[in-house]
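Let me begin by presenting the structure, written as structure tokens, before commenting on it.
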Amino acid sequence: MSDSALSSPRVRFAPSPTGYLHVGGARTALFNWLFARHLGGTFILRIEDTDFERSSEEMVQGILDGMSWLGLSWDEGPFFQSQRLSLYRRMAEQLVASGHAYYCFCTKEELEQRRAQAAAVGRPPMYDRRCRQLVPAESQMRRAAGEASAIRFRVPDGGSTSWDDAVFGRVEFANAEIEDFVLLRSDGVPTYHLSVVADDLDMRLTHIIRGADHISNTPKQILQYRALGAPLPVFAHVPLILGPDKTRLSKRHGATSVMAYKEMGIVPEAFRNFLALLGWSPGPAHKDREIFSSEDLIQMFALDGISKSNAVFDNDKLAWFNTEYIRAYDSAKLLPLIETEWRAAGFQATRSPQEILAAIDLLKPRARSLKDFAGPFRAYFGDCFEFDPAAVAKFLADPALPALLCELGTRYAAVPEFTESGAEEILRAFAAEKGIKAGALINGSRVALTGQAVAPSLFAVMVTLGRDRVVQRLATVAHPQSSG
RNA sequence: GGCGCCAUGGUGUAAUUGGUUAACACGCCGCCCUCUCAAGGCGGAGAGUUCGGGUUCGAUCCCCGAUGGCGCUACCA
């Protein structure tokens, strides 16, 4: 690695648009981004869409959306491999010309058949290298005759290929274990093995930070670097993210695309913070802290903090990060996120901006998700809300209560000033006068005012709602059907 | 099957790189607070570091083996 690699590294995130941005990919992107930002390097986005069958534009958009939701900005790209095919073909031909690759005329069907045979006999299902023997003249003739051919890499017969992984240390593979892999398919489309190194080289990448599922592909790529006489980048393989059952995270574990978490009401910074700490740690100096802003993360991030073992995705921990972030957010910063939820839920806030901000401040300490603001917290932002049947059953079951609440409302209507402490005094005096427990009145009022059994301190709620609304809602409990 | 990688409470991570009763967070349980639910405060359970051998005065840490998990094993990426 050259000095310039350290002073201004170039890294990339290279997803293939065969699915949405999933959490594993998002974390790989995050680590690349943090690494680049930490060192003042360049973060490149490259879309690996050489599998035309499975790639789609919709998925490309989904990946871009996921990236921007997480705040992962890229400096170059997005580049599309589908638009760079000539580069790969040129490199494949160069490899043929230098004797590092050869034309293979075996058809897909033949290969499959031989693989099946090998498996039946218990032999390793590697390509038998039969086209390696072909003399150039014959290859040339068959190609001229229009016979389809792929280009395969000529893997050295003996020895081994190794590298010093920034995460895993020295990793070594015997060349005998590596088959003569296909570089260029017979239709002229490159395989992953070719296009990654062609692009990583062309884009002058200094560090390849990617999932550990690529470890066994790495020697195939290193062999190409060597054949080309090109310097090796630093490889850093990141452990995988597992589901609760410790198998690789997949759809059957539930949400797997990052946008699904957005839709669950997760705040992007919470998700980013959570993701950063999955398989990476800032080290003992920061071991007692877990809430890190992106600036913190950028400042602390280093490859040597990446763990070697796979990590289990823990929804509870993510939920905790989410509550922490929602609570810490300024209500003004929270508002646009909440407005998005309202729009999605078809809810219209009918109160003034100041009232809305005050209500957010009151509610955010007990929000688990942004969704709460468009669901159970509706009553604070408008008059269109529903009564939770369980809450009604729990605190409004006493048939005498509605009339009492209505009367309490008239007391409130009569006082000159409506304050938190004043409202409490009135309620408690009223309870004493009627010979009932204040708690019954308080709990009943809460349901009457918010539709919920759970809410912040009742008198704070009252002040936030404003006297008129309080009086009106206490009165309407007597007629629950006109609650809307 | 072959090859590669990994292994600290249920989960995520620490442990001055061989040196105390293995720490922190999430989750769980209990108590306090209290008008509900969170939050907060206090306390608790939960690992002797997958197992078995070594090396060493001493191993979470080094070595060997076993086991388990994961990854790769395509003209997918």
Once you apply the 3.5 Å cut-off to both distances, tell me the Watson-Crick or G-U wobble partner of [N], or none.
{"N": "rG43(B)", "result": "rC29(B)"}
{"N": "rG48(B)", "result": "none"}
{"N": "rC24(B)", "result": "rG12(B)"}
{"N": "rG19(B)", "result": "rC57(B)"}
{"N": "rU34(B)", "result": "none"}
{"N": "rC5(B)", "result": "rG69(B)"}

Separation of atom CZ in F274(A) from atom C1' in rG12(B), rounded to whole Å: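 F274(A) atom CZ is separated from rG12(B) atom C1' by 8 Å.
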Distance check needed: rG27(B) P versus N315(A) CG, whole Å only.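 Answer to the nearest Å: 13 Å.
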Looking only at atom [atom1], what distance separates [N] and [M], rounded to whole Å?
{"N": "rU20(B)", "M": "rU67(B)", "atom1": "P", "answer": "33 Å"}
{"N": "rU8(B)", "M": "rC61(B)", "atom1": "P", "answer": "12 Å"}
{"N": "rU60(B)", "M": "rC42(B)", "atom1": "P", "answer": "31 Å"}
{"N": "rG9(B)", "M": "rG46(B)", "atom1": "P", "answer": "15 Å"}
{"N": "rG40(B)", "M": "rC33(B)", "atom1": "C1'", "answer": "9 Å"}
{"N": "rC51(B)", "M": "rA59(B)", "atom1": "C1'", "answer": "16 Å"}
{"N": "rU49(B)", "M": "rG10(B)", "atom1": "C1'", "answer": "16 Å"}
{"N": "rG4(B)", "M": "rA38(B)", "atom1": "C1'", "answer": "48 Å"}

Under 3.5 Å, is there any donor-acceptor pair linking the side chain of S457(A) to the base of rC35(B)?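 Result: at least one qualifying N/O pair found.
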Has the side chain of K317(A) got a donor or acceptor that lies under 3.5 Å from a partner of the other kind on the base of rA25(B)?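 Yes, the side chain and the base share a sub-3.5 Å donor-acceptor pair.
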Of the candidate nucleotides [options], which contains the atom at the shortest distance from the side chain of [X]?
{"X": "E290(A)", "options": "rC6(B), rA25(B), rC75(B)", "value": "rA25(B)"}
{"X": "F459(A)", "options": "rG40(B), rU36(B), rC35(B)", "value": "rC35(B)"}
{"X": "F168(A)", "options": "rA15(B), rC6(B), rA25(B)", "value": "rC6(B)"}
{"X": "S309(A)", "options": "rC75(B), rU36(B), rA7(B)", "value": "rA7(B)"}
{"X": "D314(A)", "options": "rC35(B), rU11(B), rG4(B)", "value": "rU11(B)"}
{"X": "S281(A)", "options": "rA14(B), rC75(B), rC6(B)", "value": "rA14(B)"}
{"X": "E177(A)", "options": "rA25(B), rC35(B), rC3(B)", "value": "rC3(B)"}
{"X": "T50(A)", "options": "rA77(B), rU13(B), rG27(B)", "value": "rA77(B)"}

Strictly distance-based, threshold 3.5 Å: is any side-chain N or O of T28(A) a donor or acceptor partner for the main-chain N or O of G24(A)?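 Answer holds: yes.
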Which class fits the ring pair Y225(A) and F235(A): parallel under 30°, tilted 30 to 60°, perpendicular over 60°?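 Rings of Y225(A) and F235(A): perpendicular, over 60°.
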Relative to the ring of F292(A), is the ring of H286(A) parallel (under 30°), tilted (30 to 60°) or perpendicular (over 60°)?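 Aromatic pair H286(A)/F292(A) classed perpendicular.
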Does R152(A) make a cation-pi contact with Y127(A), if we ask for NZ or CZ under 6.0 Å from the ring centre and within 45° of the axis?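 The answer is yes, since R152(A) meets both limits relative to Y127(A).
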For F373(A), is the NZ or CZ atom of R378(A) found under 6.0 angstrom from the centre of its six-membered ring and inside 45 degrees of the ring axis?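 Checked: cation-pi criterion not met.
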Would you mind telling me which residue lines up with the more 5' stretch of RNA chain B, R170(A) or A311(A), judged by nearest nucleotide?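 Closer to the 5' end of RNA chain B: R170(A).
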Which is more 5' along RNA chain B, the nucleotide nearest V454(A) or the one nearest R289(A)? Just name the residue.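 It is R289(A) whose nearest nucleotide is closer to the 5' end.
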Side-chain polar contacts of residues 194-201 of chain A - donor-acceptor pairs under 3.5 angstrom, sequence neighbours left out - could you list them?
from, atom 1, to, atom 2, distance (Å)
S195(A), OG, Q81(A), OE1, 3.4
S195(A), OG, T191(A), O, 3.2
S195(A), OG, Y192(A), O, 3.4
D199(A), OD1, R84(A), NE, 2.9
D199(A), OD1, R84(A), NH2, 2.8
D199(A), OD1, Y88(A), OH, 3.2
D199(A), OD2, Q81(A), NE2, 2.8
D199(A), OD2, Y88(A), OH, 2.5
D200(A), OD1, R12(A), NE, 3.1
D200(A), OD1, R46(A), NH1, 2.8
D200(A), OD1, R46(A), NH2, 3.0
D200(A), OD2, R12(A), NH2, 2.9

Using the glycosidic torsion, which applies to rG18(B): syn (within 90° of 0) or anti (everything else)?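 Nucleotide rG18(B) adopts anti.
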Anti/syn call for rU17(B), syn if |chi| within 90°: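 Judged by the O4'-C1' to base torsion, rU17(B) sits in syn, the angle falling within 90° of 0.
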Less than 4.5 Å apart, side chain to side chain, heavy atoms only: is that true for M462(A) and E420(A)?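 Answer no - side chains too far apart.
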Are the side chains of F153(A) and V155(A) in contact, using a 4.5 Å heavy-atom criterion?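 Sidechains of F153(A) and V155(A): in contact.
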D49(A) versus S82(A), side-chain donor and acceptor atoms under 3.5 Å: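 There is such a pair between these side chains.
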What does the list of N/O pairs under 3.5 Å between the protein and nucleotides 70-73 of chain B look like, with a distance for each?
from, atom 1, to, atom 2, distance (Å)
rC70(B), O2', N310(A), ND2, 3.2
rG71(B), O3', R248(A), NH2, 3.4
rG71(B), O2', D213(A), O, 3.4
rC72(B), OP1, R248(A), NH2, 3.0
rC72(B), O4', S216(A), OG, 3.0
rC72(B), O2', S216(A), OG, 3.4

Any R210(A) side-chain nitrogen or oxygen under 4.0 Å from OP1 or OP2 of rA77(B):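 For R210(A), the contact criterion (side-chain N or O under 4.0 Å from OP1 or OP2 of rA77(B)) is not met.
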